[in-house]
Amino acid sequence: MRSSPRVDDPLGGCDTVAAPDHTPSRKKTMTTAPYELRPLTVPASVDAPDAADFLAMVDVRNEIYREISDNDDEAATAAQLLPHFQENPDNDKRSWIVIVGDDVVGRVIVDIPAEAGSQVAYWIIELLERVQGRGIGSELLGVVEDTARKAGRTVLESWAEHPEPHPGAPTERLAAPTGFGTIPLDRPARYYRRHGHTLEQVDRKSILEIEPSLSTVTAMQAEALVHAAGYRVEQWTLPVPDRYRESFAWAKSRMSTDAPAAGLEVDEEVWDLERLGRHEARYLEAGQTVLVTAAVHEASGQVVAFNELCSGADPTATSQQMDTLVLREHRGHRLGQLIKCAGILRWREIAPQSPRIITWNAEENRPMLSINEAIGFAPAAYIGAWKKVFG
Ligand SMILES: CC(C)(COP(=O)(O)OP(=O)(O)OC[C@H]1O[C@@H](n2cnc3c(N)ncnc32)[C@H](O)[C@@H]1OP(=O)(O)O)[C@@H](O)C(=O)NCCC(=O)NCCS
């Protein structure tokens, strides 16, 4: 599946919308605590004089993810995230920071994709634990809905990690309508349901400890090669070499149509060479390394499968598996296994200090999960994909 919205913050862009007034909420017993919602200033660079709010947003993001996951696997630097927030033609991203007292305690992002005919707005509301349970998150949903409505969108979609409860905590669970995967009925799940959002899909977050997996990965690569006659593996770090730009851009566009989407609304993305260039620039400007491992169809010279690995906040951080895809018409040749294994082995040389790789897959995506499990990826958490349709 595609990389998590949570990790690389692909919800891009920025804008300003008036903060809601902080009138008491509807129920007498439920009064929203005072807070400020400030449109996020997106600076030209991380050392620009107006970068303070952006840096605070990145800090609070990392702290919230540490609270949820109990580790820094998804930590990002300001330099890494900045290009994803700067204005671009692919999406219109509106972001705010939430302030209580003098502290930035959360953030809100609404992302309006630019795809023609799109009905969707992607969003996140994330608050530190210490300000949860005061009605702030519920009130902020009004801002999300207003922003989406004004942009002409009728479908809200959002992803949240639902960590496993501590021993002794209630264990009621919610099943995905796909029949694959469950999540704990925790605060975010109750929040989504209370506000009319439905669980559409469960994704599995998995972690691979690289070093112990290497002998298995080497053997699995050799096994896959036997079944992959007519294809060759090509690898590069971004930018994409000229001879593959066209077919790689096409393969990227197929992520939006060929990955399992359950009941989610997914726009078909158009990837021309300009969009590919913008995608590359976001990672290169941030100083990140992205390794692409592609399977090339010998007869046509086209990229027909690819896998992307990306460096984390520093050389010793957890690496991220981004998109992996085998085009439908080229499935059945073990290309998924081949490119995954070839990617991990090359990544070991490129990022030898990175101990782990993190990846996300739809729980119903058995072919991909089977490869990952055989390689040694272990489940770390489950992610709910939530949707609300409104008029
Ligand atoms: C999910 C999230 C956004 C909710 O925000 P929040 O501000 O805690 O939401 P609310 O305060 O409106 O509701 C949370 C709880 O407080 C209760 N509550 C709200 N106002 C209250 C008040 N004034 N007095 C007492 N209780 C109150 C609600 O009934 C609710 O109870 P529950 O957890 O038992 O269901 C927040 O918990 C969060 O940031 N979680 C991590 C990120 C995440 O999962 N985001 C999901 C959306 S992308």
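Whatever order the structure lists ligands and atoms in, that order sets their numbers, starting from 1.
- No N or O atom of I64 sits closer than 3.5 Å to an N or O atom of ligand 1.
- Considering all non-hydrogen atoms of both residues, V240 and R245 come closest at O-NH1, 2.8 Å.
- Every heavy atom of E67 sits 4.0 Å or more from the atoms of ligand 1.
- Taking each of R187, R194, E126 in turn, the one with a heavy atom nearest to atom 30 (C) of ligand 1 proves to be R194.
- Atoms of ligand 1 found under 4.0 Å from any heavy atom of R190, numbered from 1 in the order shown, are 32 (P), 33 (O), 34 (O), 35 (O).
- Only backbone heavy atoms of R134 (N, CA, C or O) come within less than 4.0 Å of ligand 1; its side chain stays farther off.
- Using modelled atom types and a 3.5 Å distance limit, the side chains of E161 and Y382 yield no donor-acceptor pair.
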Kindly list each side-chain donor-acceptor pair under 3.5 angstrom involving residues 337-347, sequence neighbours excluded, with atom names and distances?
residue, atom, partner, partner atom, Å
Q337, NE2, M220, O, 2.9
Q337, NE2, E223, OE1, 2.8
K340, NZ, N372, OD1, 2.7
R346, NH1, E349, OE1, 2.8
W347, NE1, S319, OG, 2.8

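- Of the candidates P163, G137, G384, A189, the one placing a heavy atom closest to atom 7 (O) of ligand 1 is G137.
- Side-chain atoms of E234 and Y244 form a donor-acceptor pair, as typed in the model, at a separation below 3.5 Å.
- Ligand 1 has no nitrogen or oxygen under 3.5 angstrom from a nitrogen or oxygen of E161.
- Of the candidates L127, I383, V131, L127 brings a heavy atom nearest to atom 39 (O) of ligand 1.
- Close approach to S158 involves these atoms of ligand 1, each under 4.0 Å from a residue heavy atom: 48 (S).
- Classification of D59 and R61 as a salt-bridged pair fails, no side-chain N sitting under 4.0 Å from a carboxylate O.
- In this structure, a donor-acceptor pair under 3.5 Å is absent between the side chains of Q201 and T178.
- Look at R173 and E164 and you find a salt bridge, because one of the NZ, NE, NH1 or NH2 atoms lies within 4.0 Å of a carboxylate O, short of that distance.
- Heavy atoms of W386 come nearer than 4.0 angstrom to ligand 1 in no pair at all.
- Heavy-atom proximity to P188, at under 4.0 Å, picks out these atoms of ligand 1: 1 (C), 44 (O).
- Both M57 and V131 belong to a common hydrophobic cluster when Ile, Leu, Val, Met, Phe, Trp and Tyr are linked at side-chain heavy-atom distances under 4.5 angstrom.
- With K252 as reference, D323 is the one residue of D272, D323, D90 to meet the salt bridge (charged side-chain N to carboxylate O under 4.0 Å, His left out) rule.
- Heavy-atom proximity to I125, at under 4.0 Å, picks out these atoms of ligand 1: 3 (C), 39 (O), 42 (C), 43 (C), 45 (N), 46 (C), 47 (C), 48 (S).
- Under 4.0 angstrom from ligand 1, the non-hydrogen atoms of S138 come from both its backbone and its side chain.
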